[in-house]
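Below is one structure, written out as structure tokens; comments come after it.
Sequence positions, counted from 1, serve as the residue numbers for this chain. For ligands, and for the atoms within them, numbers begin at 1 and follow the listed sequence. No hydrogens, no waters, no symmetry mates; every other heavy atom, side chains included, goes into these values.
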Amino acid sequence: MTTKRIAITPGEPAGIGPDLVVQLAQQSWDAELVVCADPNLLMARAKQLGLPLKLKPYQPTLEARPQEVGTLTIVPFSLEADVVCGELNEKNSAYVVDTLSYAGENNMNGQFDAVVTGPVHKGIINQAGIPFSGHTEYFASQAECRDVVMMLSAPELQVALVTTHIPLAYVSKAITPERLTNITQILHKDLTEKFSIKTPKIYVCGLNPHAGEDGHLGREEIDIIIPTLEKLRAELDAELVGPLPADTLFQPKYLADADAVLAMYHDQGLPVLKSLGFGKSVNITLGLPYIRTSVDHGTALELAGTGEADIGSFVCAVKKAIELANTQ
Ligand SMILES: NC(=O)C1=CN([C@@H]2O[C@H](COP(=O)(O)OP(=O)(O)OC[C@H]3O[C@@H](n4cnc5c(N)ncnc54)[C@H](O)[C@@H]3O)[C@@H](O)[C@H]2O)C=CC1
Ligand SMILES: NCC(=O)COP(=O)(O)O
């Protein structure tokens, strides 16, 4: 098996992303970890954390080599402004987005085998005048994918989302037959092909309380979700269960044999997953033309540079990216 080359973007420079990247280097990896970042930022954060770090220049023409302990491979990018841990600065937003652009481009052209992203701060990127709702939407747009799926994977539960980073007030309108069909098809395809599950069992949440209570508490189930699932059952080699009331779906009886739960919106599915597996979960984008994984947490600005950031989810994200790349 050839050694894989994984792009890493640390994300918001004033957050814990650089800390996590420095911590990654404290063990060896059986893939080359190519970090897209300002080298001075990483060296400064390593010093602050009292951890050893040696940066090796990325040489795309050479074969990928496993990453030795204490080292990272680097593609240098330059910050616009000095970084103070915990203090957002919109001057550095273009830098953050440039690292994502480079990683996405070079995954699409086959130079990298996957990308693992650290947490970005969506607010400061928008404040800098760059419209940005999340990595998921950014990479989808760059790759010209109409729909992709955000799926968070914890050891005991995988939750995929029909809608991602949109205001709650827009969710109902966004759940169209077309979108629900596309998202379910992508989820089914990737569970089958990337996760080798022959006939995935997917539990689907309703949108309204008690899945609409036969239309008395909302009609999206009757008008959209039930008929769309009915069509999909005829088309996909999958067990689609639901729509079930989201408040009772997440119980062991169902989760024991669920390959994934499909939630209608961000805060319907992710709080459950994070309460079960925060720090052990991986965010995976399904439906992109390449592998992308990420952490299950945000920028945790108050922990940057303190040495208190938990690296658990980041390690899981890197391991999952390598595993998926090796099984492609
Ligand atoms: N993958 C990404 O790029 C993500 C980015 N975000 C962004 O992060 C920013 C901050 O969001 P918040 O809601 O405050 O979430 P957050 O995850 O940054 O923080 C929530 C709580 O969890 C703690 N925490 C988070 N990660 C931790 C870690 N690795 N080790 C120890 N404790 C940790 C924080 O200290 C805080 O108490 C927002 O701009 C949000 O959009 C949020 C989630 C994912
Ligand atoms: N809650 C997940 C999150 O905010 C990260 O999303 P993305 O940046 O990976 O699209």
Quiz prompt | Basic-acidic side-chain contact under 4.0 Å: D19, R45 | solution = yes
Quiz item: Would atom 10 (C) of ligand 1 count as contacted, meaning some protein heavy atom under 4.0 Å?
Solution: yes
Practice problem: Quick one: closest heavy-atom pair of D30 and I322, and the distance? | Solution: OD1-CG2, 3.9 Å
Practice problem: For side-chain hydrogen bond (donor to acceptor under 3.5 Å, both in side chains), just list the numbers for D38 and S78, CA-CA rounded to whole Å, side-chain angles, deciding distance to a tenth of an Å, and then say yes or no. | Solution: CA-CA 5 Å; D38 190 320; S78 295; 4.9 Å; no
Quiz item: Would you say G298 has any N or O atom under 3.5 Å from an N or O of ligand 1, going by distance alone?
Solution: yes
Exercise. Determine, counting only non-hydrogen atoms of the protein, whether one lies under 4.0 angstrom from atom 1 (N) of ligand 1.
Key: yes
Self-check item: T117 contact mode with ligand 1 (heavy-atom cut-off under 4.0 Å)
Solution: neither
Quiz item: Against heavy atoms of H121, which atoms of ligand 1 measure under 4.0 Å?
Solution: 9 (C), 39 (O)
Quiz item: Taking the six-membered ring for Trp, is the centroid-to-centroid distance between F77 and Y102 below 6.0 Å?
Solution: yes
Practice problem: Please report the closest heavy-atom contact between A128 and E90, naming both atoms and the distance. | Solution: CB-O, 3.6 Å
Practice problem: Kindly indicate whether the side chain of L255, heavy atoms from C-beta on, has any atom under 4.5 Å from the side chain of V261. | Solution: yes
Quiz item: Taking side chain as C-beta onward, heavy atoms only, is E12 less than 4.5 Å from L88?
Solution: yes
Self-check item: Minimal non-hydrogen separation, I291 against N107, with atom names
Solution: O-OD1, 4.4 Å
Quiz item: Any protein heavy atom lying closer than 4.0 Å to atom 23 (C) of ligand 1?
Solution: no
Exercise. Have a look at ligand 1 and work out which part of A300, if any, has a heavy atom under 4.0 Å from it: side chain, backbone, both or neither.
Key: both
Exercise. Verify side-chain hydrogen bond (donor to acceptor under 3.5 Å, both in side chains) between Y203 and E239, making sure each step is shown before the conclusion.
Key: CA-CA 8 Å; Y203 284 85; E239 263 191 84; over 6 Å; no
Quiz item: Would you say V120 and ligand 1 have an N/O pair spaced under 3.5 Å apart?
Solution: yes
Quiz item: Quick one: does A309 get a heavy atom under 4.0 Å from ligand 1?
Solution: yes
Practice problem: Indicate, as side chain, backbone, both or neither, the part of I16 found under 4.0 angstrom from ligand 1 when only non-hydrogen atoms are considered. | Solution: side chain
Exercise. Measure from atom 19 (O) of ligand 1 to the protein's non-hydrogen atoms and state whether any distance is below 4.0 Å.
Key: no
Self-check item: Beyond-backbone contact of I8 with C36, side-chain heavy atoms, under 4.5 angstrom
Solution: no
Quiz item: Taking distance alone, with no angle check, do L20 and ligand 1 share an N/O pair under 3.5 Å?
Solution: no
Exercise. Check each protein residue for a heavy atom under 4.0 Å from ligand 2 and list those that pass, ordered by chain and number.
Key: K122, G134, H135, T136, E137, M150, H165, H266, L270, N283, R292
Practice problem: Please check atom 16 (P) of ligand 1 for a protein heavy-atom neighbour under 4.0 Å. | Solution: yes
Practice problem: Output the list of atoms in ligand 1 that are nearer than 4.0 Å to some heavy atom of L303, sorted by atom number. | Solution: 31 (C), 32 (N), 33 (C), 35 (O)
Quiz item: Can you check whether E178 reaches N182 side chain to side chain, under 4.5 Å on heavy atoms?
Solution: yes
Self-check item: Closer than 4.0 Å: a protein non-hydrogen atom to atom 32 (N) of ligand 1
Solution: yes
Quiz item: Looking only at N/O atoms, are K122 and ligand 1 under 3.5 Å apart anywhere?
Solution: yes
Exercise. Give the atoms of ligand 1, by number and element, whose distance to some non-hydrogen atom of S294 is under 4.0 Å.
Key: 1 (N)
Self-check item: Short N or O distance, E302 and ligand 1, threshold 3.5 Å exclusive
Solution: yes
Self-check item: Among R5, K56, R65, E32, side-chain hydrogen bond (donor to acceptor under 3.5 Å, both in side chains) partner for T73
Solution: E32
Quiz item: Would K274 and D296 count as a salt bridge (charged side-chain N to carboxylate O under 4.0 Å, His left out) if you check the C-alpha gap in whole Å, the side-chain angles of each, and the deciding distance to 0.1 Å?
Solution: CA-CA 8 Å; K274 291 191 183 188; D296 64 4; over 6 Å; no
Quiz item: Looking only at protein heavy atoms, which one is nearest to atom 29 (N) of ligand 1, and how far off is it?
Solution: D310 O, 2.9 Å
Compile the donor-acceptor pairs under 3.5 Å between side chains in residues 263-270 and protein atoms, sequence neighbours left out, one pair per line.
from	atom 1	to	atom 2	distance (Å)
Q268	OE1	M264	N	2.6
Q268	NE2	G206	O	2.9

Quiz item: Do S93 and V96 have side chains that get closer than 4.5 Å, going by heavy atoms?
Solution: no
Quiz item: Which option, H135, K274, H297, owns the non-hydrogen atom nearest atom 26 (N) of ligand 1?
Solution: H297
Quiz item: In terms of hydrophobic clustering (I, L, V, M, F, W, Y; side-chain heavy atoms under 4.5 Å; direct or indirect links), are L286 and V115 co-clustered?
Solution: no
